Amino acid sequence: MKSNVQRRLPLQASRPAYRSLEGWALGTLIEHHAVRECEHHGHVLDRSDPDARNRARETAWNHPFPGATPEQCLAAIEDVLRGIGDAVRTARS
């Protein structure tokens, strides 16, 4: 019997980690701890960490989403950051 190290799953065609530029931008912000998900409600919360935001922007510029320009990636990061809290403000109004 093969050990766990020798056992391999059949190779499957891998799909991209993110399907959309917006999903990629949100994932990048979460990865760099610029935003986090509320563990109770699932919505995104801003951590107000300018260094984390800058790291996410730097990643967007140096490693853009496949098929997108660095400028489009930066714009997607900014769109996600601007959109945080929109639902909360609407609910309180």
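In this text, all values refer to a predicted model and were calculated from it rather than measured experimentally.
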Practice task
Evaluate side-chain contact (heavy atoms from CB on, under 4.5 Å) for Leu26 paired with Val35, printing each intermediate quantity in order.
Solution key: CA-CA 8 Å; Leu26 179 59; Val35 300; 4.2 Å; yes
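- When all heavy atoms are compared, the tightest approach of Ile84 to Val44 is CG2-O, 3.6 Å.
- Of the possible polar contacts, none joining the Arg47 side chain to the Ala34 backbone as a donor-acceptor pair under 3.5 Å is found.
- Across all their heavy atoms, Gln72 and Gly67 have their closest contact at OE1-O, 4.4 Å.
- Residues Leu74 and Val80 are members of separate hydrophobic clusters, defined by side-chain heavy-atom contacts under 4.5 angstrom among Ile, Leu, Val, Met, Phe, Trp and Tyr.
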For Phe65 and Ser20: C-alpha separation, side-chain torsions, deciding distance, then whether side-chain contact (heavy atoms from CB on, under 4.5 Å) applies. CA-CA 9 Å; Phe65 182 71; Ser20 69; 5.8 Å; no
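- By the salt bridge (charged side-chain N to carboxylate O under 4.0 Å, His left out) test, Arg53 is found to be paired with Asp46, residues two or more places apart in sequence or in another chain being considered.
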Can I get a per-line list of side-chain donor-acceptor pairs under 3.5 Å for residues 55-62, giving both atom names and the distance, sequence neighbours left out?
from: Arg55; atom 1: NH2; to: His32; atom 2: O; distance (Å): 3.3
from: Arg57; atom 1: NE; to: Glu78; atom 2: OE2; distance (Å): 2.6
from: Arg57; atom 1: NH1; to: Asn54; atom 2: OD1; distance (Å): 3.1
from: Arg57; atom 1: NH2; to: Glu78; atom 2: OE2; distance (Å): 3.1
from: Thr59; atom 1: OG1; to: His32; atom 2: NE2; distance (Å): 3.0
from: Thr59; atom 1: OG1; to: Arg55; atom 2: O; distance (Å): 3.1
from: Asn62; atom 1: ND2; to: Glu58; atom 2: O; distance (Å): 3.3

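- Summarising the geometry, atom CZ belonging to Arg82 is positioned 4.5 Å from atom CG belonging to Asp79; distances are rounded to the nearest 0.5 Å.
- Looking only at side-chain heavy atoms (C-beta outward), Leu21 and Cys73 come within less than 4.5 Å of each other.
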